[in-house]
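Everything below concerns the one structure shown next.
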Amino acid sequence: MKQTFLIILTLLTLHLEAQEIRPEINSLAKKIAKYNQLESEHVGIAGETTVQYRNFIELRDKATMAELLELLKYENSVVKGYTSWALADRMYPRLTDILADFLTKGDSATTQHGCIVSEDDLASEFYSRVFYQYSHNKLTETDSLFFQSQIQQLDSVILYAGKDGYLLNKALSNNNGNPKNYERIKELAVNNNNKYSLVALSKYRNQNDISFFMEQGKNSFLAVSVFPDYKFWDFLLGYRFNEKSLDYFLAVSSFKNDSATELLNEFYGSCNNTQIKKLDEALIKNYCIPYQDLILKIWENYKTIDYTITQSLITECPEKASLSFAKGLLKDGKYNFLELDYNYGTKDSILPLMFDNIVTFKPSLLNDICIKNIENSKFMELSTILNIVEANQINETIPGILDRLSKKNYPFEIFHLTETLLSFDNSDTNMQLVKILETNRSDWDRGNWSEHFRELFKEKNIEIE
């Protein structure tokens with residue numbers, strides 16, 4: 001530990017020589033300090049690039065390396081934050097010194113990323129700029145190698161500084177069983193006893209640590225999911241009757257064998273709706289063929305699934321999946337489309353995948369599915385159903401669409417319902433449609449939707465009084 005402490009002391013000192021800062025650079029620093037907010041390139045609902053960020057780019061590109069190092073001493077935290085970003089972008093070779101200094105001083109600044117304004121420490125802001133450098137600047141292969149090396153060095157500083165929080169958790173996650181850090185990771189696991197340090201230790205898969213993990217009880221479940229050694233099985237069975245957490249389900253499902261499959265099916269019979277989502281998430285994250293039937297059962301009865309597992313099921317058991325998808329689509333209740341592991345924006349792609357699969361293997365069920373779902377589906381789900389109806393000209397859905405239109409709907413829904421009905425080019429249907437739209441005019445004839453409806457009416461030769 002003495003050697004480690006000396007390393008930290010060395011890294012915590014920035015060796016900056018006094019440097020005269022030119023007036024134009026000083027002027028930029030003052031502008032940044034006056035606005036006093038550390039903003040990313042795209043902020044607000046419109047994702048605009050602000051004057052503040054443009055000042056940063058000018059500072060980064062015009063200041064010399066020596067001037068930037070001098071600006072790290074600036075009194076204003078936002079200037080120091082932007083200066084550290086500039087040094088990262090300019091590939092300053094001693095980024096560890098900057099991080100060590102920020103960790104020691106604990107400076108923070110008001111930040112804005114997207115629509116979120118908050119108070120964040122400069123160490124985290126600087127680390128993120130280095131870690132996600134590829135999203136800020138175009139990197140060559142040499143550049144990428146430079147930043148990979150820097151991130152490893154930054155993680156080492158964080159690990160041995162030992163301050164709890166986001167950065168330590170990030171460094172623990174990035175460690176990935178680095179043999180050089182085993183003793184330090186074990187020390188953090190023993191002293192901190194948090195999930196991140198235990199998971200980091202589990203990645204070494206050291207048999208000598210198994211008894212330590214079991215001593216940690218419930219805190220070790222996530223670690224066991226990374227290190228599913230058979231010696232943990234009886235330990236996990238001890239919680240089978242009173243534990244329904246995601247971490248526990250992940251631990252059990254990580255074994256991917258008959259015993260795990262049997263136990264997971266037992267859990268299914270005793271879970272409530274909230275717990276079912278956790279069980280499904282665990283099955284998806286630790287997916288294997290033996291878990292197919294349970295995943296499909298959860299979809300059929302709870303309408304819970306995610307995009308990645310939908311793809312896998314269609315690839316591996318397309319005909320079986322199509323029947324299961326149809327059963328779920330014919331069941332009452334809301335959809336629970338999951339977006340796991342940062343797969344944001346994927347839930348709207350699940351239904352199209354299912355329908356393509358059903359059209360191929362169970363087309364006879366298509367009419368009933370569409371009739372059923374037109375009644376209660378909302379927004380993008382409804383739009384997907386109506387696309388199928390229009391593409392296949394399913395006339396049996398017309399009464400249901402008219403009935404849905406006669407009720408309260410959002411303009412988006414009314415537009416797509418109307419568009420689908422008009423696609424049938426049926427004069428009797430169109431007369432009923434016009435009557436409903438005239439009666440419920442206040443629901444759709446407002447805002448930008450008025451123009452969209454007028455264009456649709458003109459295209460289809462429809463007159464609304």
Side-chain angles (χ1 to χ4, degrees), residues 303 307 310 314 322-323 325-337 345-465:
K303 304 178 82 166
Y307 180 73
T310 304
I314 290 171
S322 66
L323 179 58
F325 294 158
K327 288 180 179 178
L329 289 168
L330 287 168
K331 188 175 180 63
D332 292 333
K334 295 172 60 177
Y335 298 111
N336 297 307
F337 293 137
T346 58
K347 66 179 182 179
D348 291 333
S349 301
I350 296 174
L351 277 182
L353 278 181
M354 288 185 171
F355 272 105
D356 285 346
N357 182 237
I358 291 169
V359 167
T360 302
F361 293 98
K362 299 294 177 184
S364 62
L365 299 174
L366 201 58
N367 289 10
D368 289 343
I369 292 170
C370 289
I371 291 169
K372 175 73 176 179
N373 281 271
I374 284 170
E375 182 180 353
N376 296 313
S377 296
K378 303 289 185 181
F379 290 100
M380 293 306 298
E381 295 162 5
L382 177 62
S383 176
T384 297
I385 304 296
L386 294 172
N387 286 340
I388 297 296
V389 168
E390 186 171 341
N392 293 274
Q393 286 293 285
I394 304 176
N395 288 276
E396 292 86 348
T397 62
I398 290 175
I401 296 175
L402 288 168
D403 183 63
R404 173 74 185 261
L405 274 169
S406 67
K407 300 173 183 176
K408 189 74 174 177
N409 294 282
Y410 291 98
F412 174 90
E413 296 165 343
I414 298 171
F415 182 86
H416 286 281
L417 289 163
T418 299
E419 189 176 42
T420 302
L421 274 183
L422 292 175
S423 75
F424 291 109
D425 197 21
N426 182 300
S427 57
D428 289 339
T429 299
N430 290 354
M431 287 177 60
Q432 296 179 67
L433 169 64
V434 168
K435 186 176 180 180
I436 293 171
L437 290 175
E438 288 176 346
T439 301
N440 298 336
R441 181 187 294 272
S442 61
D443 289 343
W444 59 266
D445 196 4
R446 52 195 171 94
N448 294 331
W449 284 106
S450 295
E451 182 180 349
H452 292 307
F453 275 97
R454 294 298 186 286
E455 290 175 357
L456 179 61
F457 297 155
K458 183 178 180 181
E459 179 188 337
K460 300 293 184 179
N461 295 317
I462 297 295
E463 293 185 6
I464 301 291
E465 294 182 4

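The analysis underlying the following values was restricted to heavy atoms, covering all of them including side chains, and did not include hydrogens, waters or symmetry mates.
- Other residues, nucleotides and ligands contribute only 12 or fewer heavy atoms inside 6.0 Å of the NZ atom of K347.
- A 6.0 Å sphere centred on CD of E455 holds more than 12 heavy atoms belonging to other residues, nucleotides or ligands.
- Among residues at least two apart or in separate chains, side-chain hydrogen bond (donor to acceptor under 3.5 Å, both in side chains) pairs with a member in residues 414-435 are Q393-S423, N426-T429.
- Between the CG atom of L330 and the CG atom of N373 there is a distance of 7.5 Å, given to the nearest 0.5 Å.
- Proximity of D348 to F379: side-chain heavy atoms (C-beta onward) are nowhere separated by under 4.5 Å.
- With a 4.5 Å cut-off on side-chain heavy atoms, L402 and I436 count as touching.
- Summarising the geometry, atom CG belonging to L386 is positioned 8.0 Å from atom OG1 belonging to T397; distances are rounded to the nearest 0.5 Å.
- Atom CD of E396 has more than 12 neighbouring heavy atoms from other residues, nucleotides or ligands inside a 6.0 Å radius.
- Side-chain contact between I385 and F355 is present, with at least one heavy-atom pair separated by less than 4.5 Å.
- Nearest heavy-atom pair across L405 and N409 is CA-ND2, 3.9 Å.
- Residues forming a salt bridge (charged side-chain N to carboxylate O under 4.0 Å, His left out) with K327 (at least two apart in sequence, or on another chain): none.
- Considering only heavy atoms from C-beta on, N357 stays 4.5 Å or farther from K362 through its side chain.
- In terms of heavy atoms, K408 sits closest to D443 at NZ-OD1, 2.7 Å.
- In this structure, the side chains of I401 and L433 stay at 4.5 Å or more apart for every pair of heavy atoms.
- Taking 4.5 Å as the limit, some side-chain heavy atom of V359 sits within range of a side-chain heavy atom of L366.
- Not counting sequence neighbours, the partners of F415 by the ring pair (Phe, Tyr, Trp, His ring centres under 6.0 Å) test are W449, F453.
- For the atom pair SG (C370) and CD (E390), the distance works out to 12.0 Å, reported to the nearest 0.5 Å.
- With sequence neighbours excluded, no residue forms a ring pair (Phe, Tyr, Trp, His ring centres under 6.0 Å) with F424.
- Using modelled atom types, no side-chain atom of K331 and backbone atom of K303 make a donor-acceptor pair closer than 3.5 Å.
- At least one side-chain heavy atom of L351 sits less than 4.5 Å from a side-chain heavy atom of F337.
- Residues passing the salt bridge (charged side-chain N to carboxylate O under 4.0 Å, His left out) test with K407 are D403, sequence neighbours excluded.
- Listed here is the closest heavy atom pair of A326 and L365: CB-CD1, 3.6 Å.
- Under the side chain to side chain contact (heavy atoms under 4.5 Å, CB included) test applied with I414, the options N440, L437, D445 reduce to a single match, L437.
- The salt bridge (charged side-chain N to carboxylate O under 4.0 Å, His left out) search around E413 returns R404, not counting sequence neighbours.
- Note: M354 CE to I369 CD1 = 10.0 Å, rounded to the nearest 0.5 Å.
- Taking the centre of each ring, F412 and Y410 stay at or above the 6.0 Å mark.
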Kindly indicate, with the supporting measurements, whether the criterion side-chain contact (heavy atoms from CB on, under 4.5 Å) is fulfilled by I314 and F325.
CA-CA 10 Å; I314 290 171; F325 294 158; 3.7 Å; yes

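- Atoms CD and CG, on E375 and D332 in that order, are 8.0 Å from each other to the nearest 0.5 Å.
- The shortest distance between side-chain heavy atoms of I350 and Y335 does not fall below 4.5 Å.
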